[in-house]
Amino acid sequence: MSRYRRPVFANVPLHIVQRGNNRNPCFFCKGDYQVFLGMMEDALAEFDCTLHAYVLMPNHVHLLASPVDTTAPASLMQRVGQRYTQYVNRRYRRYGTLWQGRYHSSLVDNEGYFLTCQRYIELNPVRAGIVAHPVDYDWSSYRVHAHGEPSDIVVPHDLYHAIDAEKRARESSYRALFAQALPEPLLDQVRQATQSNGIYGSAQFSEQISVALGRDFSRQTAGRRPF
């Protein structure tokens with residue numbers, strides 16, 4: 001049985017998840033994270049993708065990106081995945097695959113759902129018990145959005161800028177979004193959307209994607225806007 005192609009549209013945000021094989025670690029020291037980000041920077045430029053948010057966990061990766069071309073995400077993940085696997089195999093004298101098959105992804109609606117997905121990504125280290133607050137984790141985009149930390153790879157989305165026109169007020173409002181953990185139903189919605197290579201968004205968004213692709217995504221509608 002042939003597999004459905006992952007839904008991808010130009011300039012529509014895509015939540016991408018790539019896990020280590022058998023959920024084993026794919027980063028082993030600080031330098032590994034830095035190498036991966038360098039490879040990601042090169043690939044983003046090569047394949048014309050804009051990265052809005054990310055987190056590198058010890059055994060998996062989350063990206064929130066907008067591709068200019070529908071083929072860009074697959075090319076991006078293949079290039080980075082292959083290069084980084086070669087690097088790890090050479091450095092640690094290992095053989096074989098590093099990643100657990102194909103990556104998973106979901107289209108993300110621009111109406112409220114985007115910032116929820118971004119929070120989901122940047123809160124991963126807290127949910128995993130690695131840090132008490134996302135500001136304490138070095139390998140995510142949280143400090144870019146919450147404290148204006150410079151980044152060579154992150155380009156904040158227009159919806160982030162729409163929080164407030166003034167930079168300090170925007171960062172303060174963004175930090176306030178992290179005062180409480182995301183409710184479990186929202187976590188489940190984001191997870192289900194990526195695991196099924198579907199969509200995370202409203203009923204209207206679901207209908208638009210269903211019509212465009214000739215597939216029924218109505219069961220993956222996330223319901224009311226998260227906020």
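- Residues His15 and Ser105 bring no donor and acceptor atom of their side chains to less than 3.5 Å of each other.
- Electrostatic pairing of Lys167 and Glu171 counts as a salt bridge here, judged by a charged N lying under 4.0 Å from a carboxylate O.
- For the pair Arg119 and Tyr174, the cation-pi test (distance below 6.0 Å, angle within 45°) is failed.
- In this structure, Arg94 contributes its side chain and Thr97 its backbone to a donor-acceptor pair below 3.5 Å.
- The line from OG of Ser210 to CD1 of Ile199 is 6.0 Å long, rounded to the nearest 0.5 Å.
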Please step through side-chain contact (heavy atoms from CB on, under 4.5 Å) for the pair Asp69 and Asp48, ending with a clear verdict. CA-CA 7 Å; Asp69 185 88; Asp48 212 359; over 6 Å; no
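- At most 12 heavy atoms of other shown residues, nucleotides or ligands fall within 6.0 angstrom of atom CD in Gln180.
- With hydrophobic clusters built from ILVMFWY side chains whose heavy atoms lie under 4.5 angstrom apart, Trp99 shares a cluster with Tyr33.
- For the residue pair Gln100/His60, the side-chain donor-acceptor check at 3.5 Å is not satisfied.
- When the shell of 6.0 Å around CZ of Arg23 is examined, it contains 12 or fewer heavy atoms from other residues, nucleotides or ligands.
- Ala128 is linked by a side chain to side chain contact (heavy atoms under 4.5 Å, CB included) to Met57, Ile130, counting only residues two or more places apart in sequence or in another chain.
- Scanning both residues, Leu56 and Tyr137, for their nearest heavy atoms gives O-OH, 2.6 Å.
- Contact detail for Pro134 and Phe178: the closest heavy-atom pair is CG-CD2, 4.0 Å.
- Annotation: side chain of Tyr103 is in contact with side chain of Pro73 (closest heavy-atom distance under 4.5 Å).
- Residues Tyr92 and Asp32 bring a donor and an acceptor atom of their side chains to less than 3.5 Å of each other.
- Contact annotation: the side chain of Tyr84 never approaches that of Asn89 to less than 4.5 Å [non-hydrogen atoms, C-beta and beyond].
- Every side chain to side chain contact (heavy atoms under 4.5 Å, CB included) that Asp42 has, sequence neighbours left out, goes to Arg83.
- Although no hydrogens or angles enter the test, the distance criterion places no donor-acceptor pair under 3.5 Å between the side chain of His62 and the main chain of Val17.
- With sequence neighbours left out, Arg90 forms a side chain to side chain contact (heavy atoms under 4.5 Å, CB included) with Gln86, Tyr87.
- Ring geometry for Phe114 against His157 counts as tilted: the plane angle lies between 30° and 60°, on a 0 to 90° scale.
- The closest donor-acceptor contact from the side chain of Tyr160 to the backbone of His145 lies under 3.5 Å.
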Met40 vs Val61, test: side-chain contact (heavy atoms from CB on, under 4.5 Å). Steps then yes/no. CA-CA 11 Å; Met40 180 61 64; Val61 172; 5.6 Å; no
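- We find that Asp138 and Lys30 are not joined by a salt bridge, their nearest charged nitrogen and carboxylate oxygen being 4.0 Å or further apart.
- Look at Glu184 and Arg191 and you find a salt bridge, because one of the NZ, NE, NH1 or NH2 atoms lies within 4.0 Å of a carboxylate O, short of that distance.
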